[in-house]
Amino acid sequence: MALTASPAQGIQMLSVQPDTKPKGCAGCNRKIKDRYLLKALDKYWHEDCLKCACCDCRLGEVGSTLYTKANLILCRRDYLRLFGVTGNCAACSKLIPAFEMVMRAKENVYHLDCFACQLCNQRFCVGDKFFLKNNMILCQTDYEEGLMKEGYAPQVR
């Protein structure tokens with residue numbers, strides 16, 4: 001679910017110095033007389049003019065990164081929605097949109113809600129141990145019970 005090449009570009013907010021000649025905005029071509037301006041793609045912009053081509057959000061407010069592809073200036077979410085790689089959840093087999101947060105275990109990718117023990121449905125929190133056995137996510141209890149049924153106990157330290 002990773003993009004091969006990163007078209008991410010940085011956005012800088014700069015304070016306009018009163019003694020400098022006003023710069024032209026790459027979005028509207030008017031002079032920037034505001035207190036602040038944005039610098040992105042080696043051009044200067046009014047804060048209102050640097051927007052995502054899809055959702056119209058102001059990119060200076062969304063973060064310090066914008067994405068470009070196919071002559072579009074995009075926010076991260078729309079870039080991933082349009083050009084990101086999608087895949088299927090290893091637990092439910094449903095599509096995972098490229099912009100959605102996921103959990104990974106080896107080569108398997110999961111929706112956040114699907115990342116739970118596949119026997120008892122216990123959800124995992126940050127720092128919880130989980131086990132991957134035969135491509136199934138298991139909590140420690142179910143993993144150890146499975147080992148006991150197979151005739152050997154895990155080594156506990």
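Counting begins at 1 with the first residue of the sequence. Only a predicted model underlies this, so the values are computations on that prediction, with no experimental measurement involved.
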**Item:** Check: Phe83 ring centroid to Tyr67 ring centroid under 6.0 Å
**Value:** no
**Request:** For Gln12, enumerate each residue passing the side chain to side chain donor-acceptor pair (under 3.5 Å) test, keeping only those at least two apart in sequence or located in another chain.
**Result:** none
**Non-hydrogen side-chain atoms of Leu14 and Val16 separated by less than 4.5 Å** = no
**Message:** Within the 4.5 Å heavy-atom criterion, are Cys89 and Val109 side-chain neighbours or not?
**Reply:** no
**Prompt:** Within the distance-only criterion (no hydrogens, no angle test), does the side chain of Asp142 pair as donor or acceptor with the backbone N or O of Cys139 below 3.5 angstrom?
**Reply:** no
**Message:** Would you compute the distance between atom OH of Tyr44 and atom CD1 of Ile32 and round it to the nearest 0.5 angstrom?
**Reply:** 9.0 Å
**Message:** Show the nearest heavy-atom pair for residues Leu95 and Pro97, with the distance to one decimal.
**Reply:** O-CD, 3.8 Å
**Message:** Arg30: which residues meet the side chain to side chain donor-acceptor pair (under 3.5 Å) condition with it, sequence neighbours left out?
**Reply:** none
**Prompt:** In terms of hydrophobic clusters joined by side-chain contacts under 4.5 Å, are Tyr79 and Leu66 together?
**Reply:** no
**Message:** Run the side-chain contact (heavy atoms from CB on, under 4.5 Å) test on Thr65 and Ile11 for me, step by step, so that the C-alpha distance in whole Å, both residues' side-chain angles and the decisive distance to 0.1 Å come before the verdict.
**Reply:** CA-CA 6 Å; Thr65 307; Ile11 302 172; 5.9 Å; no
**Request:** Considering only NZ, NE, NH1 and NH2 on the basic side and carboxylate oxygens on the acidic side, decide whether Asp113 and Arg123 come within less than 4.0 Å.
**Result:** yes
**Item:** Expected output: side-chain His111 to main-chain Met103 donor-acceptor under 3.5 Å
**Value:** no
**Prompt:** At what distance, to the nearest 0.5 angstrom, does SG of Cys52 lie from CZ of Arg58?
**Reply:** 14.0 Å
**Item:** Over 12 non-hydrogen atoms of neighbours within 6.0 angstrom of CZ in Arg76
**Value:** no
**Asked** Between Trp45 (side chain) and Ala40 (backbone), is there a donor-acceptor pair under 3.5 Å?
**Response** yes
**Request:** Kindly compute the distance separating CE (Met13) from CZ (Arg35), expressed to the nearest 0.5 Å.
**Result:** 11.0 Å
**Request:** Please report the C-alpha distance between Tyr110 and Ile137 in whole Å, then the side-chain angles of each, then the deciding distance to 0.1 Å, and finally whether the side-chain contact (heavy atoms from CB on, under 4.5 Å) criterion is met.
**Result:** CA-CA 10 Å; Tyr110 302 88; Ile137 304 171; 3.2 Å; yes
**Request:** First locate atom CD of Glu47, then atom CG of Leu37, and finally report the distance between them rounded to the nearest 0.5 Å.
**Result:** 8.5 Å
**Complete:** Val102 and Ile96 have their tightest heavy-atom pair at CG1-CG2, 3.5 Å
**Request:** Given side-chain contact (heavy atoms from CB on, under 4.5 Å), test Phe130 with Tyr143 step by step and report yes or no.
**Result:** CA-CA 8 Å; Phe130 70 90; Tyr143 175 74; over 6 Å; no
**Request:** Check the pair Leu80, Leu74 against side-chain contact (heavy atoms from CB on, under 4.5 Å), reporting the backbone distance first and the verdict last.
**Result:** CA-CA 9 Å; Leu80 290 173; Leu74 302 164; over 6 Å; no
**Complete:** Interatomic distance, CD@Glu145 vs CG@Leu138, rounded to 0.5 Å, equals 10.5 Å
**Request:** Measure the shortest side-chain to side-chain distance between Leu41 and Ile73 over non-hydrogen atoms and say whether it is less than 4.5 angstrom.
**Result:** yes
**Message:** Could you see if Leu119 belongs to whatever hydrophobic cluster contains Leu147? Use Ile, Leu, Val, Met, Phe, Trp, Tyr and a side-chain cutoff under 4.5 Å.
**Reply:** yes
**Prompt:** Which distance, rounded to the nearest 0.5 Å, do you find between the OG1 of Thr68 and the CD of Gln9?
**Reply:** 5.0 Å
